[in-house]
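Remarks on the structure that follows.
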There are 2 protein chains.
Amino acid sequence: MPTTLKEIAEKINVSVSTVSKALKDYADVNPETKKLILKTAKEMNYKPNSFAVNLRTKESKTIGLIVPEIVHHFFSSVIKGIIAQAEKKGYLVIILQSNESYELEKKQLELLQNKRVDGILVSIANGTSKFDHFKEVIDNDTPLVMFDKIAKIIDCSKVIIDDRKAAYEATKYLIEIGCKKIAHFRGPLLPQNSIDRFLGYKKALEDFNIPYDSKLVYVLNDVSFEEGKYYAKKLVEEHKNVDGIFVNTDLVAIGAITAFNEMNIKVPEDISIVGFSNWFMSTVVSPSLTTINQPGFKMGKEAFKVLYKEIKAKKKNEEFRYKKVVLDTDLIVRNSTKPILKS
Amino acid sequence: MPTTLKEIAEKINVSVSTVSKALKDYADVNPETKKLILKTAKEMNYKPNSFAVNLRTKESKTIGLIVPEIVHHFFSSVIKGIIAQAEKKGYLVIILQSNESYELEKKQLELLQNKRVDGILVSIANGTSKFDHFKEVIDNDTPLVMFDKIAKIIDCSKVIIDDRKAAYEATKYLIEIGCKKIAHFRGPLLPQNSIDRFLGYKKALEDFNIPYDSKLVYVLNDVSFEEGKYYAKKLVEEHKNVDGIFVNTDLVAIGAITAFNEMNIKVPEDISIVGFSNWFMSTVVSPSLTTINQPGFKMGKEAFKVLYKEIKAKKKNEEFRYKKVVLDTDLIVRNSTKPILKS
DNA sequence: TTTCTAAACGAAAACGTTTTCGAAAATAAC
DNA sequence: GTTATTTTCGAAAACGTTTTCGTTTAGAAA
């Protein structure tokens with residue numbers, strides 16, 4: 001059984017309070033006794049019982065994290081960033097996956113609150129369209145930070161990229177290299193990201209006087225490789241002369257590339273494709289994929305930083321103003337896009 | 001502030017003990033009072049204080065998990081499996097990443113013990129060659145299960161694949177399709193996996209009377225895409241007529257494929273390549289990669305199951321015999337390998 | 001009636017810490 | 001010498017549970 005303060009105290013004939021104070025470097029303990037206590041504590045291999053500390057201090061130095069999916073290049077990068085930053089500050093991270101399900105997300109949020117984590121980081125499931133469960137968290141005074149997939153309607157700190165701007169840049173690039181008929185494979189209707197990416201796409205078309213055609217916009221459900229293949233085929237069946245696609249996610253874009261390869265449609269000669277997220281995979285596929293780099297690791301770090309500040313503020317009973325951190329993205333040009341030569 | 005047992009007790013004029021007992025379904029409480037207690041507990045939105053429960057019961061229903069790397073298809077699949085299974089049993093998972101570093105791994109192991117998690121799952125870092133820190137965990141009576149990257153020398157439960165057998169199968173397949181001069185890109189010297197995969201490769205050569213040539217075995221450090229490219233180039237510089245490669249990991253194999261594509265060496269016509277792990281990426285690269293499927297999700301589930309049994313046994317003070325679970329792998333043939341036609 | 005059993009409840013200890021507050025001892029000031 | 005101040009320590013409460021064990025009451029058995 002692990003050593004307790006009491007055992008140390010009995011061994012050297014002082015009180016439990018003194019031992020505790022010595023270990024926590026209080027001023028009112030004689031340097032001599034302190035030295036002795038530190039020494040015996042080390043000898044007896046004392047480790048504070050975190051359960052008791054938690055109960056007493058009402059904090060666990062643990063945060064909760066809910067992501068829609070773990071096996072996912074972007075999210076695993078974010079997770080890595082969160083854990084790295086949390087570790088620096090002495091926090092541990094409990095991870096849960098909502099599998100894009102509203103029900104699970106809600107249950108897990110309750111679970112984490114019951115466990116009394118010091119704060120919660122969450123990226124919202126695609127299946128979520130009601131947001132009361134987040135409000136409850138905030139009402140319960142548990143620090144909450146949303147990242148990447150957020151709810152505009154909820155008033156809390158957020159760490160995101162400017163999806164709309166990034167999508168605008170991607171589409172603009174397609175226009176600049178000479179594409180005239182640009183399709184868009186968008187994500188599901190609900191999540192803010194797909195909405196914003198769609199809006200960026202649309203805005204770019206408008207700004208450069210290319211007529212918007214809703215038939216050129218395909219709505220995905222799974223956002224999967226297979227869907228990319230499927231809609232690529234559908235696109236060529238339904239339209240002629242499409243010379244560019246802006247795709248919601250790299251994985252889907254890669255599916256599309258694969259389909260075009262199979263159909264003997266040349267990328268980028270016949271059609272240029274821009275993805276989104278810069279999955280590692282995109283450097284490896286052939287042709288390699290032009291895409292928007294989405295800084296996952298950094299987003300993770302920033303999300304924890306904001307949460308940390310909120311936790312600290314709560315502890316000191318200071319007022320805290322919700323922060324909104326917007327991270328930069330950039331366009332990475334690879335081989336799936338190519339300027340169209342005028343003939 | 002959250003409701004406590006005391007507040008419920010005061011509200012309906014019973015003792016704290018009775019409230020506790022009612023909520024935990026003890027026999028010695030009047031059905032009438034029990035009903036009342038349950039009702040008021042619900043009304044007051046009572047949630048047990050997990051800190052107090054932990055302290056009292058000496059368990060936290062939380063386990064620790066250390067992986068070498070999170071942004072990694074195989075490991076993220078394992079993590080997903082672990083979390084899924086843990087959730088079923090009411091356990092939460094704290095995740096740490098060792099970044100393949102011995103120092104970090106050791107520190108994190110201590111961290112988790114100080115946090116008094118109920119058990120620990122670990123996949124060993126490449127940088128680890130001493131194993132005393134694991135012995136300490138076991139001596140401390142903390143349930144410990146190793147998965148995938150294990151230490152043979154440590155006596156504890158393990159969940160693995162049969163790397164040697166899988167490598168044997170992969171190499172055998174290359175031989176069967178007619179490869180005569182087969183190279184091997186192996187992992188670092190330390191981890192058991194790379195040793196076993198190498199041994200499987202060697203054994204297959206022996207069994208089929210192909211002379212083993214140590215010059216055809218390249219030792220990788222990072223096990224990265226870049227290394228795959230680098231050693232593919234080196235291989236063609238240093239050897240002629242190599243017609244097959246068995247590669248330690250898909251990522252490296254994909255690097256090699258990319259290099260061959262760049263050098264205009266045809267895969268699989270000029271050279272066949274077999275990878276290991278079945279990363280999702282391997283379906284997407286061109287040509288798609290023949291590889292060994294390594295069941296990450298299942299491994300995660302099994303690892304937790306074993307740990308769970310060990311935790312339960314410890315709680316009941318039952319004896320527990322360490323388990324060794326070996327999961328099946330299988331060869332997935334894609335387009336990076338092709339039978340060599342005899343001329 | 002008395003004695004015994006069972007049902008229902010509560011007091012209290014325990015888990016191991018943190019922190020307040022008062023007391024004692026030692027020192028300084030007068 | 002007395003009084004004031006500082007230094008050093010420990011008692012004790014508190015955090016919110018769980019669980020043992022004893023007590024009370026009512027009813028059954030004698």
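Every chain is numbered from 1, with letters handed out A, B, ... down the list of sequences.
- Look at B/E7 and B/K11 and you find no salt bridge, because none of the NZ, NE, NH1 or NH2 atoms lies under 4.0 Å from a carboxylate O.
- Side-chain atoms of B/A52 lie closest to D/dT17 of the nucleotides D/dT17, C/dC15, C/dT17.
- In this structure, A/D25 atom CG and C/dT19 atom P are separated by 13 Å, rounded to whole Å.
- For C/dA11, its base sits under 3.5 Å from the side chain of B/S17 at one donor and acceptor pair at least.
- Atom NZ in A/K24 sits about 19 Å away from atom C1' in D/dT8, given to the nearest Å.
- Distances from the side chain of A/V29 to the nucleotides D/dT19, D/dT8, D/dC9 place D/dC9 closest.
- When rounded to the nearest whole Å, the span between CZ of B/F51 and C1' of D/dA14 equals 16 Å.
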Next item on the list: Given salt bridge (charged side-chain N to carboxylate O under 4.0 Å, His left out), test B/K80 with A/E69 step by step and report yes or no.
Entry: CA-CA 8 Å; B/K80 182 168 175 160; A/E69 170 65 58; 3.0 Å; yes
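- Nucleotide C/dG16 holds its P atom 13 Å from the CG atom of B/N54, rounded to whole Å.
- Considering A/D118, A/I311, A/V137 as possible partners of A/T142, the one that fulfils the side-chain contact (heavy atoms from CB on, under 4.5 Å) test is A/V137.
- Atoms CG and CZ, from B/N54 and B/R116 in turn, are 11.5 Å apart once rounded to the nearest 0.5 Å.
- Among all heavy-atom pairs drawn from A/M299 and A/F74, the shortest one is SD-CZ, 3.7 Å.
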I'd like a list of close polar pairs between nucleotides 21-26 of chain D and the protein, N/O only, cut-off under 3.5 Å.
none

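- With distances taken from any side-chain atom of B/L55 to the nucleotides C/dC15, D/dT19, D/dT17, the minimum falls on C/dC15.
- Remark on DNA chain C: of its neighbouring residues B/S15 and B/K58, the 5'-side contact belongs to B/S15, judged by nearest-heavy-atom nucleotide.
- If you find the closest nucleotide of DNA chain C to A/Y46 and to B/N30, the one lying nearer the 5' end belongs to B/N30.
- What separates CZ of B/R116 from P of C/dT17 is a distance of 7 Å, to the nearest Å.
- Looking at heavy-atom distances under 4.0 Å, B/Y26 makes contact with sugar-phosphate atoms alone, never a base.
- When all heavy atoms of A/P68 and A/I124 are compared, the pair lying nearest together is CG-O, 3.8 Å.
- Among all heavy-atom pairs drawn from B/F147 and B/A303, the shortest one is CB-CB, 4.3 Å.
- Here B/T33 reaches the OP1 or OP2 of C/dC9: one of its side-chain N or O atoms lies under 4.0 Å away.
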